[in-house]
Amino acid sequence: MNWKIVKHGDLSMTEGLRIAYLKDQHWPYGLESQILWMRDNIEADDVHLMGEKQDGEKIDLLAYITLTNVKTLIDERQINCIGVGGVCVDKSKQRSGLGKLLLREAERYIISQEKTGILLCKDPLVPFYEKCGWKLLKYQTAKVAENNYDHNIMLLDKECCCSKIIIDKNF
């Protein structure tokens, strides 16, 4: 597996299409919707982490994460975070351990940037992320991109509880 980090501003059209195809396996909104979401929600300095396998001229995208710079207020204290989103592995490779490897690569990147990793997830995914070292954030109220949020928020290797968390954008 070759791991590649590409800034969104440097993403080629071919890479963007590969990402859209992979994401569409898990969130079937159509390729156009996937591409529009990336265009509207990912900034030029955010990055795409891609796990690729090359066979001759053919490159298959097997694992993917978006790593987005987000500003976070936890009880009025600002923390610079990297939001982990769009986590997906090719359906043919699920349950192979590739998801854990993908998150390990994301963790390396987050640590190299000296930021805190944060992710948003639904209940069924919590056990997987906990196995990968993520901890549930206990909170009373949360806002993401100015909207009320009532699902799980997890931090990389940090246990935390707070009254209020505000995250500046969706990721």
Side-chain angles (χ1 to χ4, degrees), residues 3-12 15-16 18-20 22-23 26-27 29 33-51 61 63-89 99-171:
W3 297 104
K4 181 164 81 171
I5 292 175
V6 178
K7 281 193 173 189
H8 184 65
D10 297 331
L11 192 71
S12 73
E15 290 166 328
R18 280 192 203 116
I19 292 167
L22 181 59
K23 287 179 69 179
H26 300 277
W27 302 282
Y29 302 118
S33 175
Q34 300 291 353
I35 291 166
L36 290 174
W37 194 93
M38 284 190 282
R39 182 196 73 193
D40 295 342
N41 292 284
I42 302 175
E43 303 291 329
D45 64 339
D46 295 333
V47 300
H48 303 273
L49 171 60
M50 298 177 274
L61 179 62
Y64 173 77
I65 287 181
T66 305
L67 300 167
T68 305
N69 293 301
V70 294
K71 291 180 182 147
T72 306
L73 288 174
I74 296 179
D75 289 337
E76 306 301 326
R77 190 179 70 159
Q78 184 168 327
I79 299 176
N80 291 320
C81 294
I82 293 183
V84 173
V87 179
C88 56
V89 171
K100 287 180 186 174
L101 292 174
L102 175 63
L103 283 166
R104 203 170 302 138
E105 288 298 316
E107 180 179 348
R108 281 190 192 109
Y109 178 81
I110 292 164
I111 290 168
S112 77
Q113 300 301 301
E114 298 179 354
K115 293 189 178 179
T116 299
I118 191 168
L119 63 83
L120 312 172
C121 72
K122 304 232 173 154
D123 291 342
L125 298 173
V126 169
F128 168 73
Y129 288 116
E130 286 178 330
K131 286 180 193 173
C132 296
W134 292 79
K135 311 284 185 202
L136 276 171
L137 170 73
K138 296 177 180 117
Y139 65 89
Q140 293 175 7
T141 62
K143 286 196 177 236
V144 176
E146 299 182 6
N147 297 306
N148 291 331
Y149 182 81
D150 64 354
H151 297 290
N152 299 302
I153 299 175
M154 301 184 84
L155 298 175
L156 179 60
D157 288 330
K158 291 186 193 236
E159 295 213 21
C160 185
C161 61
C162 65
S163 326
K164 184 177 183 181
I165 180 168
I166 300 171
I167 302 170
D168 71 333
K169 61 183 174 180
N170 197 354
F171 51 93

Visitor: Is a side-chain N or O of Asp10 found less than 3.5 angstrom from the main chain of Val6, in a donor-acceptor match?
Guide: no
Visitor: With a 4.5 Å heavy-atom cut-off, do Tyr129 and Leu103 have their side chains touching?
Guide: yes
Visitor: Does any N or O in the side chain of Asp75 come within less than 3.5 Å of the main-chain N or O of Ser163, such that one atom is a donor and the other an acceptor?
Guide: yes
Visitor: Could you give the distance from CD (Glu76) to SG (Cys162), rounded to the nearest 0.5 Å?
Guide: 10.5 Å
Visitor: Heavy atoms only: give me the nearest Leu155-Cys160 pair and the separation to one decimal.
Guide: CD1-CB, 3.8 Å
Visitor: Taking the side chain as everything from C-beta on, heavy atoms only, tell me whether Asn152 gets closer than 4.5 Å to Leu120.
Guide: no
Visitor: I need the Asn80 CG to Thr116 OG1 distance, nearest 0.5 Å.
Guide: 8.5 Å
Visitor: Do Asp40 and Ile35 touch side chain to side chain, with heavy atoms closer than 4.5 Å?
Guide: no
Visitor: Return the CD1 to CD1 distance between Ile153 and Ile165, rounded to the nearest 0.5 Å.
Guide: 4.5 Å
Visitor: When rounded to the nearest 0.5 angstrom, what distance separates CD1 in Ile166 from OH in Tyr149?
Guide: 15.5 Å
Visitor: Is the shortest heavy-atom distance from the side chain of Leu11 to the side chain of Met50 under 4.5 Å?
Guide: yes
Visitor: Rounded to the nearest 0.5 Å, how far apart are CD of Gln34 and NE2 of His26?
Guide: 10.5 Å
Visitor: Measuring from atom SG of Cys161 to atom CG of Leu136, what distance do you get when rounded to the nearest 0.5 angstrom?
Guide: 12.0 Å
Visitor: Is there side-chain contact between Cys88 and Trp27, with at least one heavy-atom pair below 4.5 Å?
Guide: yes
Visitor: Answer yes or no: is there an ion pair linking Glu15 with Arg18, defined by an N-O contact shorter than 4.0 Å?
Guide: no
Visitor: Any side-chain to backbone donor/acceptor pair from Lys169 onto Asn69? Under 3.5 Å, distance only.
Guide: yes
Visitor: Is a side-chain donor or acceptor of His8 paired with a backbone partner of Thr68 at a separation under 3.5 angstrom?
Guide: no
Visitor: Would you confirm whether Asp46, through its side chain, and Glu43, through its main-chain N or O, come within 3.5 Å as a donor-acceptor pair?
Guide: yes
Visitor: Tell me, do Leu119 and Trp134 make a side-chain contact under 4.5 Å, heavy atoms counted?
Guide: yes
Visitor: Step through the shown structure and confirm whether more than 12 heavy atoms of other residues, nucleotides or ligands are within 6.0 Å of CZ on Phe128.
Guide: yes
Visitor: Any sub-3.5 Å donor-acceptor pair from Asp168's side-chain atoms to Val70's backbone N or O?
Guide: no
Visitor: When you compare the side chain of Phe171 with that of Leu67, does any pair of heavy atoms fall below 4.5 Å?
Guide: no
